[in-house]
Trainee: 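Got a structure here, written out as structure tokens. Questions coming.
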Amino acid sequence: QVQLVESGGGLVQPGGSLRLSCAASGFIIDYYTIGWFRQAPGKEREGVSCISSNDGNTYYADSAKGRFTISRDNAKNTVYLQMNSLEPEDTAVYYCAADHFTYCSGYGPNQGEYDYWGQGTQVTVSS
């Protein structure tokens with residue numbers, strides 16, 4: 001059974017850091033492109049970052065550049081999203097998603113192309 005489980009969310013003060021994890025089971029995450037998305041209250045879900053399966057190409061939304069880093073740990077079958085210098089505008093539910101065929105291009109992750117999704121983890125940035 002294919003499953004993605006996010007963890008690592010929580011409440012953090014502005015300027016703080018969190019590392020989100022996306023643990024996969026039922027498939028080898030290294031063979032899949034992984035995307036991170038987020039949805040803030042009252043807003044549409046947006047792509048934040050992604051990493052391709054074949055060449056490890058990465059993408060970051062403008063809001064994430066210089067602050068977020070996506071990485072893989074194949075031994076743990078997990079993808080991470082390190083988030084630094086967090087801002088209140090980063091408050092959202094964060095989702096990871098996987099797809100075997102899509103590519104992480106410079107246009108960012110297209111949520112319609114991802115077949116497998118986690119349940120989401122809440123990130124709240126507030127003082």
Side-chain angles (χ1 to χ4, degrees):
Q1 180 182 359
V2 173
Q3 191 174 16
L4 292 169
V5 178
E6 301 97 334
S7 62
L11 174 63
V12 64
Q13 292 186 344
S17 298
L18 286 174
R19 188 178 76 161
L20 304 184
S21 299
C22 174
S25 59
F27 67 99
I28 299 173
I29 206 167
D30 190 32
Y31 296 160
Y32 285 69
T33 291
I34 304 299
W36 281 99
F37 300 82
R38 69 185 182 186
Q39 187 166 21
K43 295 187 177 181
E44 294 185 353
R45 190 160 54 187
E46 63 175 354
V48 176
S49 180
C50 57
I51 183 167
S52 283
S53 58
N54 51 359
D55 60 5
N57 192 52
T58 59
Y59 163 89
Y60 298 95
D62 287 344
S63 59
K65 285 179 182 176
R67 301 188 299 128
F68 294 3
T69 304
I70 191 170
S71 63
R72 292 179 184 270
D73 185 336
N74 293 331
K76 295 184 178 180
N77 215 32
T78 299
V79 169
Y80 301 100
L81 185 68
Q82 177 68 43
M83 306 188 297
N84 299 328
S85 302
L86 284 163
E87 304 166 351
E89 293 73 24
D90 296 315
T91 295
V93 178
Y94 283 71
Y95 301 89
C96 66
D99 192 84
H100 186 53
F101 299 103
T102 195
Y103 181 71
C104 176
S105 72
Y107 296 102
N110 180 342
Q111 57 185 308
E113 296 178 347
Y114 287 77
D115 282 342
Y116 305 110
W117 290 80
Q119 82 289 349
T121 186
Q122 176 70 47
V123 171
T124 303
V125 185
S126 175
S127 56

Trainee: Are Leu20 and Leu11 connected into the same hydrophobic cluster when the rule is that any two of I, L, V, M, F, W, Y join if their side-chain heavy atoms are below 4.5 Å apart?
Mentor: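 In one cluster: no.
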Trainee: Backbone N or O of Arg67 within a donor-acceptor pair of the Ser85 side chain at under 3.5 Å?
Mentor: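 No.
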Trainee: Do Ser52 side-chain atoms and Cys104 backbone N/O form a donor-acceptor pair below 3.5 Å?
Mentor: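 Between the backbone of Cys104 and the side chain of Ser52 there is a qualifying donor-acceptor contact (under 3.5 Å).
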Trainee: Checking Ser53 now: which residues fulfil side chain to side chain donor-acceptor pair (under 3.5 Å) with it, not counting sequence neighbours?
Mentor: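 Side chain to side chain donor-acceptor pair (under 3.5 Å) list for Ser53, sorted by chain: empty.
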Trainee: Quick check: do Gln82 and Ser17 have side-chain heavy atoms less than 4.5 Å from each other?
Mentor: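 Counting from C-beta outward, Gln82 and Ser17 do come under 4.5 Å.
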Trainee: Show the numbers, then the answer: is there a side chain to side chain donor-acceptor pair (under 3.5 Å) between Tyr103 and Asn54?
Mentor: CA-CA 9 Å; Tyr103 181 71; Asn54 51 359; 5.2 Å; no
Trainee: What closest approach, in Å, do Asp99 and Glu113 show between heavy atoms, and which atom pair accounts for it?
Mentor: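 Shortest heavy-atom contact: OD1-O, 2.7 Å.
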Trainee: Per the ring-ring contact (aromatic ring centres under 6.0 Å, His included) rule, what does the pair list look like for residues 40-88, sequence neighbours excluded?
Mentor: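 Matches after skipping sequence neighbours: none remain.
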Trainee: Report yes or no: does Glu6 contribute a side-chain atom to a donor-acceptor pair with the main-chain N or O of Cys96 at less than 3.5 Å?
Mentor: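 Checking the backbone N and O of Cys96 against the side chain of Glu6, a donor-acceptor pair under 3.5 Å is found.
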Trainee: So, using side chain to side chain donor-acceptor pair (under 3.5 Å) as the criterion, who are the partners of Tyr94 when residues are at least two apart?
Mentor: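 With neighbours one apart ignored, the set is Arg38.
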Trainee: Between CG of Leu81 and CG of Leu18, what distance do you get to the nearest 0.5 Å?
Mentor: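 Atom-to-atom, Leu81:CG and Leu18:CG are 10.0 Å apart.
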Trainee: Report yes if some heavy atom in the side chain of Gln122 is under 4.5 Å from a heavy atom in the side chain of Thr91; otherwise report no.
Mentor: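 Touching, per the 4.5 Å side-chain cut-off.
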Trainee: So, the side chain of Thr58 versus the backbone of Ile51: is there a donor-acceptor pair under 3.5 Å, distance only?
Mentor: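 No: the side chain of Thr58 does not pair with the backbone of Ile51.
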